[in-house]
S.K.: 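A single structure is presented below for examination.
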Amino acid sequence: MEANANCASKSPCRVFEFLESSIGKKIMVAAAGILLCGFLVTHLAGNLLMYVGGEAFNRYAEALVSNPLLPLAEAGLVGLFLLHIVLSIRATLANRAARPEGYQVYKGKGARTPGSRTMAVTGILILAFVVIHVATLKYQVGGQKGPDLFAHVLGWFANPWYSIFYVLAVGGVGLHLSHGVQSALQTFGVNHPRYTPALRKAGLAFAILIFLGFASLPVYFGFIHKTADACCATMEGGSK
Amino acid sequence: MNITLKVWRQKNAAAPGALVEYTVSGVVPEMSFLEMLDTLNEQLIAKGEDPLAFDSDCREGICGMCNLMIDGQAHGPDKEATTCQLHMRRYKDGDVVTVEPFRAKGFPLVKDLVVDRSAFDRIQAAGGFVSTHTGGAGEANAILIPHDMAEKAMDAASCIGCGACVAACPNASAMLFVAAKVSQYALLPQGQPEREKRVLAMREAMDKEGFGHCTNEYECEAACPKGIKLSNIARLNREFLRATIVSE
């Protein structure tokens, strides 16, 4: 109460108090998470151009990197990631501290899901993947160098270990979202007897679609469509 | 029948605790879980040992005093039941049952299975009230309330403050309790004058007591002996966001 009274007239203080509060922290994590889902959708849409062909994919990549606003968007994206991660870590540490002595037997009543149980693990997996993913595919650390991004990506997908790691990591993304999407809605206060069951199913469907969309690329280009020569032959005439 | 219990024994908050094994004889299916513990205590006293400390009061599921973690489940395996409403017909001869206290930083242990839940009282005192005149009771129907709103508020108000939501939550979060208390007033006209002040103050008191964050695991709803719904937590989130923005 006193803190509220002190805070009353100072809006920066109010914002700080909101961010420090257990509920405010959760709302910010959820908001950042939902915005990151938006990024996943656009990223997947771009990636699916690989099925159209190397030329289309490279033209899209070229349009993206030549846009002067890209660094701004990237900075925003990094900011969202940091906000999501830092607040989640702080909440997790506080949650550990909230039960200093654990149970010898802890069973619960079956409300937890595989996704909800593994949020921290899948979160760490996703972070590791993002670092490797950006290093290898954006900054071209390792693999085939050159301006032909499509060939570069195919080069990496030709490495079965890279492709398997990619599928596992986007599996982690799917598992993370299977809890995250519906959880974010609940955190925003969206809970309605008529719509919530459908929204939960929609959240799960979104998680599965994101997983299938991303995982299909290394599976198809790494294991099924193993014709690197064919692809590059069609492309050479196009993009350059 | 005979029941083997693994019970948490701890002299006081500072002393080390451990699970101690006892065999309770003469247990009958009609006994409640607490009556089975009473039987254990009679047998311990007969042997000259220190009886087990555990909480109980009404023993009819309305006071919220009994609070045991039974085989890793708050209030045991039954749905929407308190520990006193759990009966030994749930078990068979020779069963091994682990009994632990509710665990949370906000619920410091007093002795054996008894924890101090006065944190809930402090959260309630921070904002869980309405301003009203003293003196004679007013006319009951002076303020008209639609039936569905009255029912929703009553559903939230049926929370008995037992702490099962905290005990069952992987994060020891008290959100379901606070959500029920905020909701029961937010839904009624009598709760409107303090609407923003209440949710801000109760949230602050909740965090100050050291309870964890809600990560929507929903174990609280599954464990609640009164069936308090998750929609109350969503309402608490909305109320808090709204109060943060609109309160002066």
Side-chain angles (χ1 to χ4, degrees), chain A residues 1-5 7-9 11 14-15 17-27 29-30 87-88 90-113 115-117 119-120 179-180 182-193 196, chain B residues 6 8 17 19 69-74 77 79 98 100 103-106 109 126-127 166-173 175 197 200-201 203-207 210-223 229-242 244-245 247-248:
Chain A
M1 281 292 274
E2 296 101 59
N4 279 326
C7 238
S9 58
S11 48
R14 177 66 65 84
V15 170
E17 195 179 276
F18 177 78
L19 289 175
E20 277 303 294
S21 73
S22 57
I23 302 176
K25 234 179 276 165
K26 285 293 304 170
I27 292 176
V29 170
L87 290 181
S88 298
R90 292 195 52 208
T92 305
L93 292 177
N95 292 345
R96 297 264 155 87
R99 180 167 289 137
E101 170 126 33
Y103 294 109
Q104 307 286 316
V105 182
Y106 177 76
K107 199 155 67 179
K109 292 192 174 174
R112 303 179 82 183
T113 61
S116 80
R117 284 169 190 275
M119 287 306 269
H179 175 72
Q182 59 84 22
S183 176
L185 292 174
Q186 165 80 4
T187 299
F188 295 143
V190 179
N191 187 311
H192 188 280
T196 293
Chain B
K6 288 182 179 171
W8 189 263
L19 287 177
M69 202 72 175
I70 301 166
D71 281 335
Q73 293 178 308
K79 210 174 141 48
T98 305
E100 294 178 78
R103 298 274 191 206
K105 189 179 171 214
L109 192 134
V166 173
C169 176
N171 311 321
S173 167
M175 285 283 278
K197 242 167 77 179
L200 293 176
R203 191 287 305 163
E204 197 188 341
M206 167 179 85
D207 287 355
F211 293 109
H213 296 52
C214 174
T215 55
N216 303 320
E217 298 274 8
Y218 308 147
E219 282 293 338
C220 53
E221 184 189 49
K229 296 234 158 47
L230 291 173
S231 50
N232 291 297
I233 294 185
R235 184 178 298 105
L236 170 59
N237 292 334
R238 288 199 299 275
E239 289 289 319
F240 178 70
L241 191 56
R242 182 185 168 279
T244 299
I245 296 165
S247 79
E248 290 170 359

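Order of the sequence lines sets the chain letters (A, B, ...), proteins ahead of strands, with each chain counted from 1. All heavy atoms count here, side chains included; hydrogens, waters and symmetry mates do not.
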S.K.: Answer yes or no: is there a donor N or O on one side and an acceptor on the other, between the side chain of B:D207 and the main chain of A:S21, under 3.5 Å?
M.R.: no

S.K.: Are the side chain of A:Q104 and the backbone N or O of B:E100 linked by a donor-acceptor pair below 3.5 Å?
M.R.: no

S.K.: Are a donor atom and an acceptor atom from the side chains of B:N216 and A:T187 found within less than 3.5 Å of each other?
M.R.: yes

S.K.: Looking at B:K229, B:H213, B:R238, which makes the most heavy-atom pairs under 4.5 Å with chain A?
M.R.: B:H213

S.K.: Among B:A168, B:A167, B:P77, which residue has the highest count of heavy-atom pairs closer than 4.5 Å to chain A?
M.R.: B:A167

S.K.: Could you tell me which non-hydrogen atom of B:M206 sits nearest to which non-hydrogen atom of A:S22, and how far apart they are?
M.R.: CE-OG, 3.4 Å

S.K.: Examine whether an atom of B:F240 lies under 4.5 Å from a heavy atom of chain A, and if so say whether it belongs to the side chain, the backbone or both; otherwise answer neither.
M.R.: side chain

S.K.: Between the side chain of B:N237 and the main-chain N/O of A:Q186, is any donor-acceptor distance below 3.5 Å?
M.R.: yes

S.K.: Just by modelled atom types, is the B:T215 backbone N or O under 3.5 Å from a matching donor or acceptor in the A:H179 side chain?
M.R.: yes

S.K.: Taking the side chain from B:E221 and the backbone from A:A111, do they hold a donor-acceptor pair closer than 3.5 Å?
M.R.: no

S.K.: Measure the spacing between CZ of A:F188 and CG of B:L241 and express it to the nearest 0.5 Å.
M.R.: 9.0 Å

S.K.: I'd like to know whether B:T244 forms a side chain to side chain contact (heavy atoms under 4.5 Å, CB included) with A:E17, so could you lay out the CA-CA distance, the side-chain angles of the two residues, the decisive distance to 0.1 Å, and finally the verdict.
M.R.: CA-CA 9 Å; B:T244 299; A:E17 195 179 276; over 6 Å; no

S.K.: Where on A:A97 is there a heavy atom nearer than 4.5 Å to chain B: the side chain, the backbone, both, or neither?
M.R.: backbone

S.K.: Look only at the side chain of B:R103 and the backbone of A:R99, and say whether a donor-acceptor pair between them is shorter than 3.5 Å.
M.R.: no

S.K.: Could you pull out the closest heavy-atom pair between B:G210 and A:A98, with the gap in Å?
M.R.: O-CB, 3.4 Å

S.K.: Look at B:A205, B:C214, B:P170, B:S173 and state which one has the largest set of heavy-atom pairs under 4.5 Å with chain A.
M.R.: B:P170

S.K.: Using modelled atom types and a 3.5 Å cut-off, is there a donor and acceptor pairing between side-chain atoms of A:N95 and backbone atoms of B:G212?
M.R.: no

S.K.: For B:C220, is it the side chain, the backbone, both, or neither that has a heavy atom closer than 4.5 Å to a heavy atom of chain A?
M.R.: neither

S.K.: Just give me the residue among B:L230, B:T98, B:L109 that pairs up with chain A most often, heavy atom to heavy atom, under 4.5 Å.
M.R.: B:L230

S.K.: Name the option with the most non-hydrogen atom pairs under 4.5 Å to chain B; the candidates are A:A30, A:S88, A:P100.
M.R.: A:P100

S.K.: Calculate, to the nearest 0.5 Å, the distance between atoms CG and OH belonging to B:D71 and A:Y103 respectively.
M.R.: 13.5 Å

S.K.: Taking A:P193, A:A94, A:A91 one by one, which has the highest count of heavy-atom pairs under 4.5 Å against chain B?
M.R.: A:A91

S.K.: Examine distances only and state if a side-chain atom of B:Q73 and a backbone atom of A:K109 form a donor-acceptor pair shorter than 3.5 Å.
M.R.: no

